[in-house]
Amino acid sequence: MAGLVLRNIRKVYPNGFEAVKDFNLEIADKEFIIFVGPSGCGKSTTLRMIAGLEDITAGESYIDDKLVNDVEPKDRDIAMVFQNYALYPHMTVYENMAFGLKIRKFSKEEIDQKVKEAAAILHLEDVLDRKPAQMSGGQRQRVAMGRAIVRNPKVFLMDEPLSNLDAKLRVQMRSEISKLHQRLGTTMIYVTHDQVEAMTLGTRIVVMNKGDIMQCDSPMNLYNKPDNLFVASFIGSPQMNFIPAVVKVDGKEVTLDFDGTILHLPEKMAKEVIEGNYDGKKVILGIRPEDLKIEKVSENAIVGQVQIKELLGHEASIHFTSNGVDMTASISAMEPVSVGDSVTLHLDGDKLHLFDAETEQAISHAID
């Protein structure tokens, strides 16, 4: 198995477009790393540079301490699983999984052993004689992964492998991929635009936007302590609510003026705001939908009018407007709230996030 180091990696296309900007990352052996971000953020381009399918404009890429910038893809000891499966339609499952080993001149006995071992791991033993057209999308994706497994590579690269599957199958396949990582104990790098996939699969997540790394951290740190507004808005579903406000400092007490609604900051956050000299400045207060609670009377509360109520089984999402700002709260489905109602929502002081309105960088997180 292997670790990877990406040092000052850049990708600039002939037309001058810079797809990846000064990308730096160290990936430990056996880590499961996720690249996540919106379309066009550079995540797939970065993965393809690791694989050798895209040239690196500047910077250095190492696999197991070996510089691989100019090493051919076939000689990097990596295996890649693509979004569209990339299976040979005229070959059976067995032949598809065995093809790479045949090219590398493995013996028939070795090929048979490796294919059958991979088929057992992926529950494909009963479909080895079928062709791709006779299989479901989930089975075809398993075959694509099986073709990678038989090679026993140092690194697995996966480029949005589940995006062509329906929602139920994606959940099932996420579980299969997680089990696969635990069983093989290999280094995996996985690209997705789906933050739910990222949060459920990765040991660390690299959040990208416009070719830059916005934050690289554990799933829980990304959720609880986002470095900036972009990460705060991208991680979490429904996304975090953002409340524009002006800071007022009175001794050790700090309040925020949200268009006439006064909100009090907890002691830890107030201290960091005072130390940052934010008195009189504009900030953005962040609160996740699940941390807004319906209360009849509350000191730290906002009042809004319900625009939409979405029932989601045991819970519901209400979309409401407060002081001209659209927000979302996650509440119990049994809560007697209807469209058009006025609701008072308490902000949990232990779950607040504060961002600089100008730089969009985090000032403070109430959670320790």
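Predicted model only: the values in this text are computed from it and were never measured. We're numbering straight along the sequence, starting at 1.
Side-chain atoms of His181 come within 3.5 Å of backbone N or O of Thr186 as a donor-acceptor pair. A donor-acceptor pair under 3.5 Å is formed between the side chain of Thr203 and the backbone N or O of Phe32. With His264 contributing its side chain and Gly349 its backbone, the two residues share no donor-acceptor pair below 3.5 Å. In this structure a side-chain-to-backbone donor-acceptor pair under 3.5 Å is present from Asp348 to Asp350. Under a 3.5 Å cut-off, the side chain of Asn300 and the backbone N or O of Leu263 do not form any donor-acceptor pair. Without hydrogens or angle criteria, Gln195 side chain to Gly236 main chain gives a donor-acceptor distance under 3.5 Å. A distance-only check finds no donor-acceptor pair linking the side chain of Arg174 to the backbone of Ala198 [under 3.5 Å]. In this structure, the side chain of Asp126 does not engage the main chain of Leu124 through any donor-acceptor pair within 3.5 Å. In this structure a side-chain-to-backbone donor-acceptor pair under 3.5 Å is present from Glu95 to Thr92. Lys43 contributes a side-chain N or O that, together with a main-chain N or O of Gly37, makes up a donor-acceptor pair within less than 3.5 Å.
Residue pairs meeting the salt bridge (charged side-chain N to carboxylate O under 4.0 Å, His left out) criterion with at least one partner in residues 231-260, sequence neighbours excluded, do not occur; the list is empty.
Taking the six-membered ring for Trp and thresholds of 30 and 60 degrees, Phe230 and Phe234 have nearly parallel ring planes, at less than 30 degrees apart.
A heavy-atom distance below 4.5 Å is found between the side chains of Arg147 and Leu87. Contact annotation: the side chain of Val273 approaches that of Val247 to within less than 4.5 Å [non-hydrogen atoms, C-beta and beyond]. By the 4.5 Å heavy-atom criterion applied to side chains, Ile177 and Tyr190 are counted as neighbours. Side-chain contact between Thr328 and Ile318: absent, with no pair of heavy atoms (C-beta onward) separated by less than 4.5 Å. Between Phe320 and Asn241, every side-chain heavy-atom pair lies at or beyond the 4.5 Å cut-off. With contacts defined as side-chain heavy-atom distances shorter than 4.5 Å, the pair Ile50/Leu157 qualifies. Between Leu352 and Pro266, the closest side-chain pair of non-hydrogen atoms falls below 4.5 Å. Annotation: side chain of Thr187 is in contact with side chain of Ile27 (closest heavy-atom distance under 4.5 Å).
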Full working for side-chain contact (heavy atoms from CB on, under 4.5 Å) between Val68 and Tyr62: CA-CA 6 Å; Val68 295; Tyr62 294 87; over 6 Å; no
Trace of the side-chain contact (heavy atoms from CB on, under 4.5 Å) decision for Ile121 with Lys179: CA-CA 10 Å; Ile121 291 171; Lys179 289 176 187 174; over 6 Å; no
Verdict with supporting geometry, Leu354 and Leu256, side-chain contact (heavy atoms from CB on, under 4.5 Å): CA-CA 11 Å; Leu354 200 63; Leu256 301 181; 4.0 Å; yes
side-chain contact (heavy atoms from CB on, under 4.5 Å) between Val343 and Val337, worked out: CA-CA 8 Å; Val343 290; Val337 174; 4.0 Å; yes
Worked verdict on Glu335 versus Ser332 for side-chain hydrogen bond (donor to acceptor under 3.5 Å, both in side chains): CA-CA 5 Å; Glu335 196 78 52; Ser332 167; 5.6 Å; no
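Within 6.0 Å of NZ on Lys21 lie more than 12 heavy atoms contributed by other residues, nucleotides or ligands. Heavy-atom neighbours of Lys210 NZ from other residues, nucleotides or ligands within 6.0 Å: at or below the threshold of 12. Remark: Asp75 CG is packed, more than 12 non-hydrogen atoms of other residues, nucleotides or ligands lying under 6.0 Å away. Atom CD of Glu358 sits in a sparse spot, with 12 or fewer heavy atoms from other residues, nucleotides or ligands closer than 6.0 Å. For Gln134, the CD atom sits in a packed shell: over 12 heavy atoms of surrounding residues, nucleotides or ligands are nearer than 6.0 Å.
Rounding to the nearest 0.5 angstrom, the gap separating the CD1 atom in Ile34 from the CD atom in Glu197 is 8.0 Å. Here the CG-CG distance, from Leu345 to Asp291, works out to 12.0 Å after rounding to the nearest 0.5 Å. Atom CE of Met145 is separated from atom CZ of Phe156 by 9.5 Å, given to the nearest 0.5 angstrom. A distance of 5.5 Å separates CZ of Arg204 from CG of Leu25, quoted to the nearest 0.5 Å. Atom CD of residue Gln307 and atom CG of residue Asp341 lie 11.0 Å apart, to the nearest 0.5 angstrom. Between the CZ atom of Arg183 and the CD atom of Glu176 there is a distance of 10.5 Å, given to the nearest 0.5 Å.
Considering every non-hydrogen atom in both Gly313 and Ala333, the closest pair reads O-CB, 3.3 Å. Nearest heavy-atom pair across Val155 and Leu4 is CG2-CD1, 3.6 Å. Taking both residues in full, the closest heavy atoms of Leu128 and Met97 are given as CD2-SD, 4.4 Å, listed atom of the first, atom of the second, then distance. Between Ser61 and Asn69, the closest heavy-atom pair is N-OD1, 2.8 Å. The shortest heavy-atom contact between Ala301 and Thr261 is O-CG2, 3.4 Å. Closest approach of Pro226 to Ala362, counting heavy atoms only: O-CB, 3.4 Å.
A salt bridge links Lys11 with Glu54: the distance from a Lys NZ or Arg NE/NH1/NH2 to an Asp or Glu carboxylate oxygen falls below 4.0 Å. Salt-bridge formation is not detected for the pair Glu72/Arg76: no Lys NZ or Arg NE/NH1/NH2 atom is positioned less than 4.0 Å from an Asp or Glu carboxylate oxygen. Between Asp112 and Lys116 there is a salt bridge, since a side-chain N of the basic residue sits under 4.0 Å from a carboxylate O of the acidic one. The existence of a salt bridge linking Lys271 and Glu275 is confirmed by a sub-4.0 Å separation between a basic side-chain nitrogen and an acidic carboxylate oxygen.
Partners of Glu290 by side chain to side chain donor-acceptor pair (under 3.5 Å), not counting sequence neighbours, listed by chain and number: Tyr223.
Hydrophobic clustering (side-chain heavy atoms under 4.5 Å, transitive across Ile, Leu, Val, Met, Phe, Trp, Tyr) groups Val254 together with Leu285. When the side chains of ILVMFWY residues are joined at heavy-atom separations under 4.5 Å, either directly or via intervening members, Val303 and Ile287 end up in two distinct hydrophobic clusters. Hydrophobic clustering places Met188 together with Val143 (ILVMFWY residues linked when any side-chain heavy atoms are closer than 4.5 Å, directly or through intermediates). One hydrophobic cluster holds both Met158 and Val150 under the rule that ILVMFWY side chains link at heavy-atom gaps under 4.5 Å. If you chain together hydrophobic residues whose side chains sit under 4.5 Å apart, Leu47 and Leu53 fall into the same group.
No hydrogens or angles considered: a donor-acceptor pair under 3.5 Å links the side chains of Asp356 and Tyr278. Counting only N and O atoms by type, the side chains of Gln305 and Thr321 include no donor and acceptor under 3.5 Å apart. Looking at Gln113 and Glu109, their side chains never bring a donor and an acceptor atom within 3.5 Å of each other.
The distance between the ring centers of Tyr94 and Phe99 does not fall below 6.0 angstrom.
Of the candidates Thr255, Ile274, Leu265, Ile274 is the only one forming a side chain to side chain contact (heavy atoms under 4.5 Å, CB included) with Val249.
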